[in-house]
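Some notes on the structure that comes next.
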Amino acid sequence: MFREHEERERFAKRKISALNSERQRLKEQLAVLRQEHFDKSSEKGIAGEEEDLDVSLADDEEDDELCEKPTGKRPRKIPKGIEPVVVHHYPENRNCSCCGREMPSISSWSSLRMVTVPEHVEFIQHVHHTCACNHNEHCKDNKPVSDKSDNHIMKGRGIDPTFAAEAAVQKFFEHIPTFRMERRLRNANVNLSRQAIGSGIAHLASHLEPVRQALLDHVKAGHAAHADETPVRVQAPGKGKCDQGYFWAICRDERGWNPKAEPAVVYFYAPSRAGSVIEELLSGASFRYLISDGYAGYNRLFQNDDLNDRLVSARCWAHARRNFHEAFLATKSPLAKRIVQMIRKMYAVEKAARGLPPEARTAMRQERTLPVLAEIRAELLKAESGAQGTLKKAVNYTLKAFDALQRFAFDGRLEIDNNPIERCIRGIALTKKNSLFAGSHDAAQVWAVYYSLIESARLNRINPRSYLNWVVGEIERNQGDVDLSTLMPWNCPVGQIED
């Protein structure tokens, strides 16, 4: 009887141990999935297990303690450029009960309310006249004069270029699909199909394409560039399914060391992810360094030969750090934890060096970052033979790319990671989510044109709606004969976003 009880107890303990192991495995798997889904925010701590592991990046996150917390209700401010409509309210009966005269106001109080006018649409009929003088017989010999239409962009079309620009802003900046625009217009008794809206957006993009090319020339003329690519589903007519294409993005962002920086990002669509695509896009570029992730398609840009002076690769520490973070979540490896903490030290140096001249940034990195890099490399070489699973993947990835990863420490004009271009991809991700797919390969090219202008405006702290309307207005006013260099975001006189 006693022995049978012991057997049951041992069986129960084994079962509890197995369940605990399974629970821990599922917990680690959930933590990794959360990190992959929520990215940066999940790295602050997973279910309280990472209280002593702060992996937040100094370059990406704000210190909540430094943010001023609101105290009480703040008064509503009227935005600049909006004139308030003043409505006076008087007592229903203003006549004096004694003399009968109207009583004047002796005091007042006011309240500010905000209202919206949903989808206000105007139809403007342009009447062009022909004039001739019939004053006397001599004047009749003069030829009549006619007014000519100055419509350039939307010549022969029934919509104004400002309408197409607004539709493009709503789709690519506010991420509203065209079928929702169609529904809102129908609610305003305007019968305009989504196909007509899309056609207007695409037609306007053909006039904005030269501006994108001018932005690309500016990006190619820098010292270094960031590159990335993201997939997009593209509707394939007749197949009953979607093809997969790719948006390629190239960014020039020197704000970390140049106070007069003019950042820009350019997008291109291609149905392929082959390295030949980026090689063709960067043809004729004068920059020396390309900062990218570990995708093998970029390798052909860095292969030396006797004919071309190839680019130099600078890799991204954010990608390397992510691998070690995942390894820590899955295995609780002390090595992964130490590596993440050492990478955080490098980001602390980057925060202190931001805004300094290139020479000062290089000196600071040589003094404070190079010892950390040497320590990381020594740790990884020591653990290379014994690492397994996700930790082995992280170690091998980092060691293989270490020369390119440490290149930023020797040039103050390089950044530690590829985050500038990663942030520029977020807008496309939202539009992909809401629109599900691009209507065709040509439509995907239209996406790339608009995102080049919109995201470049955002990098220069210009409101994309103001910038796009300004560019369209300048092209229309000059009948297309305009100096493209004057249409760059940093030359835009309106829409400056205040800090």
Side-chain angles (χ1 to χ4, degrees), residues 62-129 131 147 150-151 154 158-171 173-193 196-197 200 434 454 457-458 460-474 476-477 492-499:
E62 297 178 356
D63 189 351
D64 293 335
E65 295 180 359
L66 298 180
C67 295
E68 181 183 353
K69 293 182 173 56
T71 56
K73 186 176 181 181
R74 297 181 178 179
R76 187 181 301 278
K77 295 182 179 180
I78 301 176
K80 294 180 180 179
I82 298 180
E83 290 294 330
V85 178
V86 181
V87 180
H88 293 277
H89 300 272
Y90 294 96
E92 185 175 349
N93 185 6
R94 297 176 60 189
N95 295 328
C96 178
S97 59
C98 295
C99 65
R101 289 184 299 177
E102 185 179 70
M103 295 182 291
S105 174
I106 59 174
S107 66
S108 65
W109 62 274
S110 64
S111 61
L112 185 64
R113 302 177 185 178
M114 183 175 66
V115 299
T116 60
V117 181
E119 218 62 57
H120 176 70
V121 180
E122 292 182 347
F123 285 85
I124 301 176
Q125 184 173 5
H126 296 270
V127 181
H128 302 273
H129 292 271
C131 300
D147 178 72
D150 58 354
N151 197 356
M154 292 295 176
I159 62 174
D160 193 75
T162 57
F163 179 92
E166 175 61 24
V169 168
Q170 291 189 23
K171 180 176 177 64
F173 178 50
E174 298 174 349
H175 319 291
I176 302 174
T178 51
F179 77 87
R180 293 181 185 172
M181 299 183 212
E182 177 189 36
R183 184 173 59 194
R184 294 209 321 267
L185 288 169
R186 191 183 302 120
N187 292 338
N189 296 321
V190 178
N191 184 21
L192 190 66
S193 68
I197 297 172
N434 292 347
I454 288 173
R458 294 181 66 179
N460 288 272
R461 299 193 60 75
I462 299 293
N463 183 292
R465 176 178 275 106
S466 301
Y467 173 62
L468 200 60
N469 277 287
W470 173 71
V471 170
V472 171
E474 290 297 299
E476 182 77 5
R477 184 173 63 85
C492 183
V494 294
Q496 185 69 40
I497 299 175
E498 299 179 0
D499 293 331

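This structure is a prediction, so every number in the text was calculated from the model and none was measured.
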Any chance you could measure Ile454, atom CD1, to Asn463, atom CG, to the nearest 0.5 Å?
10.5 Å

Correct closest heavy-atom pair for Leu468 and Ala165 would be CD2-O, 3.8 Å

Between CZ of Arg477 and CH2 of Trp470, what distance do you get to the nearest 0.5 Å?
10.0 Å

Quick check on Asn191: does its CG atom have over 12 non-hydrogen neighbours (other residues, nucleotides or ligands) under 6.0 Å away?
no

According to the salt bridge (Lys or Arg N to Asp or Glu O under 4.0 Å) rule, which pairs have a member within residues 87-96, sequence neighbours left out?
Arg94-Glu102

Which atom pair, heavy atoms only, marks the closest approach of Ala164 to Ile159?
CB-CD1, 4.5 Å

Salt bridge (charged side-chain N to carboxylate O under 4.0 Å, His left out) partners for Glu182, two or more places apart:
Arg186, Arg194

Residues, nucleotides or ligands: over 12 heavy atoms within 6.0 Å of Arg465 CZ:
yes

Which atom names give the shortest non-hydrogen contact between Pro464 and Ala457, and what distance separates them?
CA-CB, 4.2 Å

Note: His175 and Asn434 closest approach over all heavy atoms is O-ND2, 2.8 Å

What is the distance from atom CG of Asn469 to atom CD of Glu166, rounded to the nearest 0.5 Å?
7.0 Å

Any side-chain heavy-atom pair of Met154 and Asp160 under 4.5 Å
no

Shortest non-hydrogen separation from Asp147 to His128 and the atoms involved
OD2-ND1, 2.5 Å

Between CZ on residue Phe163 and CD on residue Glu122, distance to nearest 0.5 Å
13.0 Å

Nearest 0.5 Å please: distance from the SG atom of Cys98 over to the CE atom of Met103.
10.0 Å

Under the salt bridge (charged side-chain N to carboxylate O under 4.0 Å, His left out) test, which residues partner Arg183, sequence neighbours left out?
none

Could you tell me the separation between the CD atom of Gln170 and the CZ atom of Arg184, rounded to the nearest 0.5 Å?
4.5 Å

Compare every heavy atom of Ile462 with every heavy atom of Ile497, then report the nearest pair and how far apart it is.
CD1-C, 3.9 Å

